[in-house]
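So the structure is just underneath, and the comments pick up after that.
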Amino acid sequence: MSKEKILIIGANGQIGSVLSAALRDQFGSDSVIATDIRDGAKHQEGIFEILDVLDAAALGSIVERHQVTQIYHLAAILSAKGEANPLKTWDINMNGLFNVLEVAREKGVQKVFHPSSIAVFGSDIPRQHTPQDAVLKPTTVYGMSKVAGELWSQYYFQRYGLDVRSLRYPGVIGYQSDPGGGTTDYAVEIYHYAVKGKPYACFLSQKTMLPMIYMDDAIRATLELMDAPAESIRVRTSYNLAGMSFSPEQIAASIQQEVPGFNVLYQPDFRQKIADSWPESIDDSAARKDWGWQPKYDLDSMTRDMLFHLQEKYASV
Ligand code: AKB
C-alpha cells in the first residue's frame with residue numbers, strides 16, 4: 001500500500017474530478033482525500049470532505065488528520081468569470097494559495113502542485129511559440145493572480161525548501177467534466193452541441209488561435225511532473241505546457257469530418273479580448289527537456305475520442 005496521502009482541493013472541478021480518479025488509480029482510493037467547497041456526486045468511490053480553501057484552520061485540520069504528504073490545489077476562479085468580480089477573484093486565488101503554502105510548510109507536506117495558465121501572458125510577447133521566459137504582463141485578474149502565484153511558489157521553494165511544482169495549462173478539453181468560467185471553454189461546449197445535433201454559437205471569432213490540450217495529456221503531464229525527481233525540476237515558477245493549437249474554424253472542420261452538417265456561428269463577446277491577449281502557441285521545450293514531456297493527442301485524434309465518449313455518455317441518459 002502507498003504511504004502517500006494526497007489531498008486534492010477543488011476536486012469537483014473540470015480538472016480536479018479527473019485528476020482525483022487518476023490519483024486513486026495510481027495510489028489507491030484510501031490514499032486520496034478529495035475536497036471541494038461543494039458536495040459532489042463524483043467521489044462515491046473514495047474519501048470526500050467539504051473544504052473551503054479560504055478556511056486555513058479547516059485545511060490544517062484535514063492535513064493533520066489524514067497525515068497528508070502531497071497537495072494538489074486546483075480551486076480557482078478562471079479568466080472570464082474572474083473579470084465579473086476582480087477583488088473576489090484575487091482573494092480566492094491568492095489567499096487560497098497562501099493557505100495551502102503555509103499549511104504545507106507548517107505541517108511538513110512534501111509536495112505541492114499549483115496550476116498556472118497561459119493566462120500569465122499578455123502584451124509584448126511573441127504570440128507564436130511563446131517562450132518559457134517571455135515577459136508576463138497579463139490583462140486579466142486571473143492571469144495576475146497566476147503570475148503572483150508562480151512567484152510565491154518559487155519563493156516557498158527557495159526560502160523554505162517546499163517542493164512546489166507547477167504547469168501553465170493551456171485550455172483543457174475533456175469529455176469527463178464540464179469547464180466553468182474560462183475563455184477556452186468553447187472548445188469543450190462545441191463537442192456537446194455536435195453530439196446533440198445542435199448548431200453552436202461560438203463566443204470567439206473563427207480565426208482565434210489558442211493553445212489547448214486534451215484532458216488525458218493534461219492529467220498525464222501533471223502526474224509526470226509530480227513523479228519526476230526533484231533535481232530535474234529546474235523551473236520553480238511554472239512550466240510552459242503545450243498540446244496543440246487551433247482556432248474555432250479548425251475545430252469545427254475537425255468535427256465536421258465526423259459529424260457532417262454540424263453548423264457553427266460566430267458571435268464574439270467580451271471573452272474575445274481576453275483570447276486576443278493570449279499566445280497562439282506555446283514553446284514547451286523546457287518541460288520536454290527537464291522531465292520528458294511529450295503530448296499524445298492532436299486535434300483530429302482528440303475529436304474522435306471526444307465524440308466517441310460523448311456519444312456514449314448521451315446514449316446512456
Ligand atoms: C481559462 O480559459 O481561463 C482557463 C485557462 C486557459 O487557464 N481554461
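Since the structure is predicted, the reported quantities are computational estimates derived from the model, not experimental observations. One-based numbering along the sequence shown. Below, all heavy atoms of this structure are taken into account, side chains as well, without hydrogens, waters or symmetry copies. In listed order, ligands and their atoms are each counted from 1.
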- Item | Min N/O separation Asp185 to ligand 1 under 3.5 Å |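 No; the residue has no nitrogen or oxygen that sits under 3.5 Å from a nitrogen or oxygen of the ligand.
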- Message: Counting only nitrogen or oxygen atoms and a 3.5 angstrom limit, does Ser117 reach ligand 1?
- Response: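 Looking only at distances, the answer is yes, because the N/O contact criterion of under 3.5 Å is met.
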Out of all atoms in ligand 1, which are within 4.0 Å of some heavy atom of [X]? Include the element for each.
| X | value |
| --- | --- |
| Ile118 | 6 (C) |
| Leu78 | 3 (O) |
| Thr183 | 1 (C), 2 (O), 3 (O) |

- Centre of Phe113's six-membered ring, under 6.0 Å away, within 45 degrees of the axis: is that where NZ or CZ of Arg165 sits?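 Not flagged: Arg165 not positioned over aromatic ring of Phe113.
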Check [Y] with [X], please: is the shortest side-chain N to carboxylate O separation under 4.0 Å?
| X | Y | result |
| --- | --- | --- |
| Arg304 | Asp300 | no |
| Glu49 | Arg65 | yes |
| Arg236 | Glu150 | no |

- Query: What protein heavy atom sits nearest atom 8 (N) of ligand 1, and how far away is it?
  - Reply: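 Closest protein heavy atom to atom 8 (N) of ligand 1: Thr184 OG1, 2.9 Å.
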- Message: Is it the case that atom NZ in Lys81 sees more than 12 heavy atoms from other parts of the structure closer than 6.0 Å?
- Response: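 No, not enclosed.
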- Task: Tell me which part of Ser79 gets within contact of ligand 1: side chain, backbone, both or neither, using heavy atoms under 4.0 Å.
- Result: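 Ser79 to ligand 1: contacts from backbone and side chain alike.
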- Query: Is the backbone N or O of Glu189 less than 3.5 Å from a side-chain atom of Tyr193, with the two atoms forming a donor-acceptor pair by type?
  - Reply: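 A pair under 3.5 Å: no.
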